[in-house]
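Below you'll find the structure, written out as structure tokens, and then a few comments.
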Amino acid sequence: MKGQKVVVGVFTYLDDALKGIQVAKDNDKDYQVYAPTYVPALVHAVDSKRSKIAMISLTGGICGLIAGFALAILTGLDWPMRVSAKNIVSIPAYIVVGYEWTILWGALFTLNGMLLLCRIPNPFRKVGYDPRFSDDKYGVVIGCEPDQVDQIKEKLAHTGADEVMVKEGL
Amino acid sequence: MSTEVTKYSGDVTYHEVNETVLSMLEKPTFGWYVLLLTCICTWVMGFGCWISMMIYGLGMTGLSHPIMWGVYITNFVFWVGIAHSGTLISAVLYLFRAKFRQPIYRLAEAMTVFAVMTAGLFPIIHVGRPWYAYWLMPVPNERALWPNFKSPLLWDVFAVSTYFTVSTTFFIVGLIPDIASARDKATSKFRKLLYGITSLGWTGNAKQYKNYVAAYLIFAALATPLVVSVHSVVSWDFAMSIIPGWHATIFPPYFVAGAIFSGVAMVITLVIPLRKVFKLERIITDFHFDAMCKLILLTSGVVTYAYVTEFYVAWFSNNMFERYQFWFRPFGEFKLAFWGMAFCNCMAPLTLWYKPFRTNIAYLFVMSIIINIGMWLERFNIIFTSLARDFIPAAWGGYNFSWIDVGITIGAFGWFGMWMTLFIKFFPSIAIVEVKEVIEAPVRDPHSSVHHH
Amino acid sequence: MLGLISLKFLRNNRYYPFAMLLVLFCGALVGNLSAEDAAGYQSVGKRAGVWNDGQAALWDLNIIDHFHYFGPVARARGHKPEQPIKFSHVTHVQKNKMECQFCHWTSAKSPYAAIPEVQTCMGCHSLIGGTTPEQQGEIAKIKDYYAKGEPIPWAKVHVMPDYVKFNHKRHVKAGVGCQECHGQIQEMEQVERVSSMKMGWCIDCHRERGANIDCAVCHH
Amino acid sequence: MQKKSLTILGQNENIESEGLSRRSFLKVLGAATATTAVACADKADQIIYPNVKGDATQIPGVPSWYSSTCTQCDAGCGVNYKTYEGRVTIVEGNKSHPINKGGLCAIGHSALQDHYDPDRVRQPLEKDSNGVFQPITWKAAYTKIKQAMVDNSKRAFLTKPLNGSLEKLVAEWSKDVGVEHYTYEPLDYSQLAKATAAVYGANYNGVPHYDFSKAEVVVNFGADFLETWISPCEFSRDWAKSRKSKKPVRVFQVEPRLSLTGANADHHLKCKPGTELLIAKAILKELLSRGKNNLPASLLGELEVSLAGISIDVVAKLSNLKIEKIVSAAQRLAEAKTSLVIAGGASAKTNNEYDLQVVCALINRVLGNVGQTINLDRLRAVKSDFQKVKSLIAEINDNKYSVLFVDGSNPLFTIPSDYKFGLAIKKLDLVVSFASHLDETTKEANLVLPASSSIESWGDHQPYVGVNSLVQPAMTPVFDTVSLGDMLLKLTTNEALKKFPEFQDYLKAQWQQVHASAGVAENFETFWKKSLERGGYFAEQKSVAQLGALGAVIVTAKLDMASFDSTKIQQKSDLVLLPYASVKTFDGRAANRPWMQELPDPITKIAWDTWAEINTKTAEAKKIKTGDLVKISNYYGELNVPAYVTDHVDENVIAVPLGNGHSDFGRYASSVGGGNVYNLIPSDKADHLQLFTAHVELKRALGKRKVANTQDVKDSDKQGDRGIARTTYIETKVPGEHKENHEEHGAHHEPEQMYIQREHPLYQWGMVVDLAACTGCSACVTACYAENNIPTVGRKIMTEGREMSWLRLERYDDGTSEDLQISFIPAMCQHCQNAPCEPVCPVYATYHNEDGLNVMVYNRCVGTRYCANNCVYKQRRFNWYEYELPEPLDMQLNPEVMKRVAGVMEKCSFCVHRIKDAKDHAKDEGRLVADGEVQPACVKSCPTEALVFGDLNDPNSRVSKLAKHERAYKILDHHLNTQPSVSYLDNLKYKA
């Protein structure tokens, strides 16, 4: 987040928080929004683009499918042993492994993609975070230079924030 | 607040949810310690049974020729079955946007993970040389030997391990935002550290939510076919064989339905005492029980249908081995298991058609245990009877009762119970964030259109 | 300084993916072994009596596999037990140019390449008494055993588990030289196990030569 | 993890030794003596003991074979001992021996466990004043005996029937030292011999040779000729030769219970006990009336008079048989070109056995069977004399004797207590036992001089003229024992005998005569060596003997109604105890061998127990169910045994197998209680032991006993429509042509294959089992135990269904008591081409190899047990425990086969090590394995050659020809398409 200082607005009501976001957008500032739960309206207001995670999962799934079949086929060919009258490479039997690994790799890629995109694990608290945001308050954090703090602060207060705080930025 | 929303989650606010759920994590009571200790003692006893079995050999069990699979595989299938409803409630119902899932899914998922952890023990306990059980994994080794991917057992290894990995991931991912809530409310040093680490620095900012929810949807989408596949694969352990009574195409759907059936019953068994002890009546309401009972009615119907179909197929196929097998089940050596199963799974749940029973908590608790017993008997019935009477009459045999089997079976409940007990005291057993999701967000201006974006 | 940079690096959201990649890379570096490391790794294995020879060790991640064998050191490469009589292959094979099968006469006739009878030793040593006092002392021991009619309790160098049925005769008849398995035995003053004689080692050679790798050939 | 092992049962826990660790025995190469190997258990893994002195003929690791003769019974079968580094690992039949021609019965195979018995006496013992046996030296033992021999008191030597040079030596020695020699055998053939002499001529006082292969019809009054009677291996072979042919022998079995022989007969006539004589007479009368009257006119007249009272109606009523059945037997006899009528076995051992044998001999004579199916040249002498033994007992009781020598035949166990031998033996000053076990008799001895087993001794055997069979030692004695011959030579004072330092020299001296009479060109040493290699000297058969004139002797046979009043036992309440010899324990001698105890009785499938076969109706009346303990008692004693309720015994009969109920003998024998059946037999004036005991009481005792029965699950003896063991009933005149529902049999059924069938480039091993030749004798089962180191598990574990046998002899009983349909089928791993067990193994521990074998790799097995579930034939055995053998039983273990640890699956491998061995030899000689070169233990053991093994790839091999036989089928293959490598040929039986 650009800016040495951040202004943190704590909101009880969703519509107020949305107004707070509008403040940041209007002033062309970097901002961050915290919410106690997933609120589609809020997330949409911040970022309306679709998440890239699906592509990561798809990649994982395809890799898993290939890896699963490859594992079964290659290990089978490494020391070919006949069981019953079945072929050494018995594709119908290997579908299960391919299928399971599609899901496994898809899930693992999704997990890693999600961690990556959510920027976790991250041992550092994000600037302007307040424990109330995980309870029942919405938070709008706007980054700004020290000289703009008062201006932003005042604008946020007007949106109906319960409290407006100023904190150190990065 | 609209009445519809109230129906799903009770008449609660964000803060109340937070308070109610996090209050479950407060200092453990004496009762909790007693429960934990009981569970630990139980599984240590079971573990002792296993050790003695390893020392003296598998002759300590009741298994014999030709009943080579017995109580352990019954337990394995039973626990895998239990595990299923967790993922079903969390993933499948998520995809279907069934809103009664929110308050119960976390517990169901925890149950899934711990049930798979329990189920996963049984194949290892079951094998003759457990110290070589890792040969079933495709581990590179100096002997240049690999496992046989044509074996249904290897499919099982892959299916169950994948299931365990994915359901654990799903479970942990779901926990992250709630742990963050717990972290922000934590007072003790230990808990602060524990939640600080396990919440992975979650803040709940909008971008995180965006990706998180998208990822969650994908997890749900991946877990759904997995639920179906895992129990299908478990059923193939039997269906892929040649034994009369096992060799049936009906097995996968039959097993999946049975798994959901037993899993939902197990959720009810666990939720009822939890709700009582932690006073969660406002979050977990009659509506949720009613919905779960309907799921039980549905799956009970499917399972009953499958039982009838098995008999029909045996008769229709005109195969003497199948016919003998399905004569043997209700009238043979293990007839008690069969009739017990029929009573518990087919007849007793019929009472749930009567609405007052569906919301009578005491009745439901008893019913859920009956169903669990019934489902254990179902697996017993499938495994034992088919093995006891197959093609060659001269090789027919019975099962020897063994206390080791009983000990290990009970020990598994202790093992499962220990993890559940620890979990409810250390992590939020109700999904805070997701329950909040179904509560309409507080707005200053009721006419604002924020909810219709 | 580096720590500070990485801290800054980690704190910035934009570089997070790169930071994670860095961690993965470092992990991979730690996880992989250089050639020298691998050599050391092998010698460690040899010392502990658990590892295989050759290439197999590099990709043998299967540590658990070897737990079973931690016990009997006798099944390890480098096993070099003290013998009741200081028999020297150098003296017999190199100096006196004796054929292997002169003493080990069953090696091409039996599944077992047995140790020669005491009588076989006496065949020569009833006449040859040795040149150095040390030799004379050792030869006297043989005579003593023979006189008492006791077998010499030779320490076993190549111990095989009983689930392997190794047919010595077939290998000799197929033209496998003694040294291929037993090492440069003619240069050994005291016999040492130079091959792991583990299954992978057998299979490598069987595959190389196109010999049978049917399990029932050795396990029944 | 190290497994704790269970020692196979044993009441004398203290005798159990630490045991040889399972590896140690395997790799001890060239051990100087067998005992060296036993010495150190743990270190043996690390130390090699080379031979001190070499022998170029003995290559460590390469087995040596020795020919010898089986001494388990008097049949005199030739055997081969396979030895590894000086220890015998298996006994097999000698292919070139004229008696058994390669097969060997179960008891013959189990001789090894007698030899390696952990309960054998390990050194000479003397009873001290407290009645406890203390070890002494051989020298001291000899001295003590010599001291006892100097006075003038009477001395006796009681033995089992001896044969050959040993018999001669005993005779000479007895005469020399002043000892009277008595011979006793409980199941003797004295009445048969007497009758033979009476009817065929006084010269022929012995047991004639019967040829079942030449007979068209056999009417058999209870003789168990496929089990224990006279020479079972030989008879089974001849019987099977005929059964396999285009015109199989038709067997009528008349007996009050169902013996194994009866189960194999075409017509089982379940008569009332003791009515055999009446039936025989009825048949004789019927034959005479049909014009079969090839007898002197005077005798015919006499017969007419004495048979006047016999009418088929009355006989049928008394014997509870249908008239048609008796008439049919007579008719078949009359119509047949060659036939045979025999009597024997337990049910004939009544006080009218002699009469029965006479009538049978007469029937044979009128039918002209002598010279056809009865060979009087090959007469077996009957040596036991019960009359003399009885007088001996009486004299001992009158204190006329002071010293008694006994051999290992354990007379105290087999002479019923009412004969008071138990009292007598206590009255003697000195009892010297040459037994190898501390059995009931030896326990009463003052001195025990343990005799070596026949595997450690020299000897010879002459079952009948022309067969001179040699017994040679195959290994050094396991314990500090000396052979009986050597002991006698040590104890002699005769200078003529003293010149033989060892019994071997005496034997050779005797064989000089054989050499002389053989009239061969080679000198004695060559002849001797060749004889040793062959197993003896077998001469060509001499000319046919002449039938003696029927003289006055015949008149002494009472030809009026039987002296045994069978009307007495018609009352329901009167029960007859019928003790019979089983293939498991015979007369009791095989009781301390775990293989024999573990072997399920072919008829009842019971192991490790004595049981009482009771008729269903009798049992119902007394409210007895199978498994209930019953008390069978009379004035003389009582038995407490579990009941086996069956339709196949007569209502008035309780059949109990002989041989168990030992109080001493060894840990295995004494673990099977129930009581000694012999002791219920009352004393009698007859000159043979009558097993048949009337008037016993049957009561249900308290409690139940979980009997180790391998087929005790309800309905498990009914195969129904499953078509597992199949029978073709011969209905037409030309057997073999007509096939009943041939299509349904699915003989050459080749279903469409979903998978590409595997090519077998070199060999495809397969087996064919001819059910028409399989008697169910279970020799194959025991041979398999011996060859493949299969542990015996003991009674308790067996009741849990965990027996380890790789070869199961299945018995199906689909008929009724009237219409008997018993089928036996030896079932081993079928080595299916489409094996259901293989694909389910997650670690390839079982797979299909190039030779078409279904290979099981024990050390790869994790123990998921899926293969066993999926095995259609249920042929896989799981090691529920690890079983340890008490020393020195472990010396029998085959080094070619690994011993399996607990937690792994095992099964029949078609003796893959033998295949490997044959390939090894073939490779040395640069050729392929020849047909018949590989014979798994079961195939080798089969006395009837019902099992054939070979290469299915070779179109000319015996097995591939038989696999295409019109009777061939594969079990369940047409249901499941498993494509087994084992084919079965339908059993053949006559319907009417």
Side-chain angles (χ1 to χ4, degrees), chain B residues 54-69 123 126-136 143 145-157 237-238 240-243 246 319-321 324 332-333 386-400, chain D residues 1-4 6 605 710-711 713-722 724 797 800-803 808 810-812 825 827 836 839-844 847 860-866 868-882 901-905 971-972 975-976 978:
Chain B
M54 280 202 276
I55 292 170
Y56 291 101
L58 256 72
M60 303 289 283
T61 68
L63 299 169
S64 174
H65 305 120
I67 302 185
M68 291 279 186
W69 285 3
H126 161 86
V127 297
R129 300 199 290 176
W131 44 96
Y132 288 135
Y134 74 98
W135 282 353
L136 268 71
R143 284 170 259 107
L145 287 170
W146 297 101
N148 175 10
F149 285 93
K150 290 157 209 153
S151 166
L153 289 185
L154 209 74
W155 305 346
D156 225 20
V157 169
D237 283 353
F238 308 105
M240 284 290 159
S241 83
I242 201 164
I243 302 301
W246 284 11
N319 177 320
M320 65 181 119
F321 308 110
Y324 183 83
E333 194 183 336
S386 287
L387 290 175
R389 301 284 185 278
D390 65 344
F391 300 100
I392 304 282
W396 288 351
Y399 173 78
N400 314 304
Chain D
M1 184 164 294
Q2 272 293 315
K3 291 275 183 178
K4 279 210 177 171
L6 297 187
K605 304 313 282 177
T710 57
Q711 243 175 292
V713 168
K714 192 173 171 284
D715 290 344
S716 66
D717 50 2
K718 301 259 183 290
Q719 54 171 335
D721 303 329
R722 295 176 186 234
I724 295 162
I797 298 177
E800 293 164 358
R802 294 178 176 140
E803 70 278 1
R808 178 178 58 228
E810 291 168 14
R811 182 266 285 127
Y812 294 110
I825 179 162
V840 297
C841 177
V843 291
Y844 286 120
Y847 71 98
R860 176 67 173 164
C861 179
V862 175
T864 65
R865 308 195 284 290
Y866 199 168
N869 286 348
N870 218 21
C871 174
V872 174
Y873 307 97
K874 289 283 167 287
Q875 281 305 337
R876 287 173 165 269
R877 300 275 156 216
F878 186 71
N879 283 275
W880 301 103
Y881 299 104
E882 193 162 325
V901 296
V904 307
M905 195 60 76
I971 306 175
L972 298 175
H975 286 291
L976 301 163
T978 45

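Proteins get letters first, then strands, A, B, ... in listed order; numbering begins at 1 in each. Just the heavy atoms: all of them, side chains too, but no hydrogens, waters or symmetry mates, feed the values below.
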(message) Which atoms of D:Tyr812 are under 4.5 Å from chain B, going by heavy atoms: the side chain, the backbone, both sets, or neither?
(response) side chain
(request) Mind listing the closest non-hydrogen atom pair of D:Val901 and B:Arg129 along with its distance? (result) CG2-NH1, 3.8 Å
(request) Could you check which of B:Asn319, B:Leu136, B:Val157 has the highest count of heavy-atom pairs closer than 4.5 Å to chain D? (result) B:Leu136
(message) Looking at every heavy atom in both B:Ala395 and D:Arg808, which two are closest together, and how far apart are they?
(response) CB-NH1, 3.5 Å
(request) Hey, could you give me the CE/CE distance between D:Met905 and B:Met68, rounded to the nearest 0.5 Å? (result) 4.5 Å
(request) Please report the shortest heavy-atom distance between D:Arg722 and B:Asp390, naming the atom on each side. (result) NH1-O, 2.7 Å
(message) With rounding to the nearest 0.5 angstrom, report the CD1 to CD1 distance, D:Ile825 to B:Ile392.
(response) 7.5 Å
(request) Measure the CG-CZ distance between D:Leu976 and B:Phe321 for me, rounded to the nearest 0.5 Å. (result) 6.0 Å
(message) Within this structure, what is the CZ-CG distance for the pair D:Phe878 and B:Leu63, rounded to the nearest 0.5 Å?
(response) 8.5 Å
(request) Please determine, among D:Gln711, D:Arg811, D:Arg860, D:Lys718, the option with the most heavy-atom pairs under 4.5 Å with chain B. (result) D:Arg860
(message) Is there a side-chain contact (heavy atoms from CB on, under 4.5 Å) between B:Glu333 and D:Lys714? Walk through the geometry before answering.
(response) CA-CA 9 Å; B:Glu333 194 183 336; D:Lys714 192 173 171 284; over 6 Å; no
(request) Can you tell which part of D:Lys605 gets under 4.5 Å to a heavy atom of chain B, answering side chain, backbone, both or neither? (result) neither
(message) Quick check for you: to the nearest 0.5 Å, what is the distance between B:Asp237 atom CG and D:Asn870 atom CG?
(response) 11.0 Å
(request) Determine, using ring centers only, whether B:Trp146 and D:Tyr844 are less than 6.0 Å apart. (result) no
(message) For B:Tyr324, which atoms come within 4.5 Å of any heavy atom of chain D: side chain, backbone, both, or neither?
(response) side chain
(request) Please report the closest heavy-atom contact between D:Lys874 and B:Pro66, naming both atoms and the distance. (result) CD-CB, 3.5 Å
(request) Identify the two heavy atoms, one from D:Ser716 and one from B:Pro393, that lie closest to each other, and give their separation to 0.1 Å. (result) CB-O, 3.0 Å
(request) Taking the side chain as every heavy atom from C-beta outward, state whether B:Phe391 and D:Ile724 have any pair of such atoms under 4.5 Å apart. (result) no
(request) Calculate, to the nearest 0.5 Å, the distance between atoms NE2 and CD belonging to B:His65 and D:Glu803 respectively. (result) 7.0 Å
(request) Decide side-chain contact (heavy atoms from CB on, under 4.5 Å) for B:Arg389 and D:Val713; before the verdict, give the C-alpha distance in whole Å, the side-chain angles of both, and the deciding distance to 0.1 Å. (result) CA-CA 10 Å; B:Arg389 301 284 185 278; D:Val713 168; 3.0 Å; yes
(message) Need one label for D:Arg876: side chain, backbone, both or neither, based on atoms under 4.5 Å from any heavy atom in chain B.
(response) backbone
(request) Indicate the atoms forming the closest heavy-atom contact of D:Val862 with B:Ala133, along with that distance. (result) CG1-CA, 4.0 Å
(request) Please state whether the rings of B:Trp69 and D:Tyr866 are parallel, tilted or perpendicular, taking 30° and 60° as the class boundaries. (result) tilted
(request) May I have the step-by-step check of side-chain contact (heavy atoms from CB on, under 4.5 Å) for D:Val843 and B:Tyr132, ending in yes or no? (result) CA-CA 10 Å; D:Val843 291; B:Tyr132 288 135; over 6 Å; no
(message) Looking at D:Pro839, is its backbone amide N or carbonyl O close enough to the side chain of B:Asn148 to form a donor-acceptor pair, meaning the two atoms are under 3.5 Å apart?
(response) yes
(message) If I measure from the heavy atoms of chain D, does B:Asn400 come under 4.5 Å with its side chain, its backbone, both, or neither?
(response) side chain
(request) Side chain from CB out, backbone as N, CA, C, O: work out which of these in B:Trp246 comes under 4.5 Å of a heavy atom of chain D, or both, or neither. (result) side chain
(request) Between chain B and each of D:Ala868, D:Cys871, D:Gly863, D:Pro836, count heavy-atom pairs under 4.5 Å; write down the option with the most. (result) D:Gly863
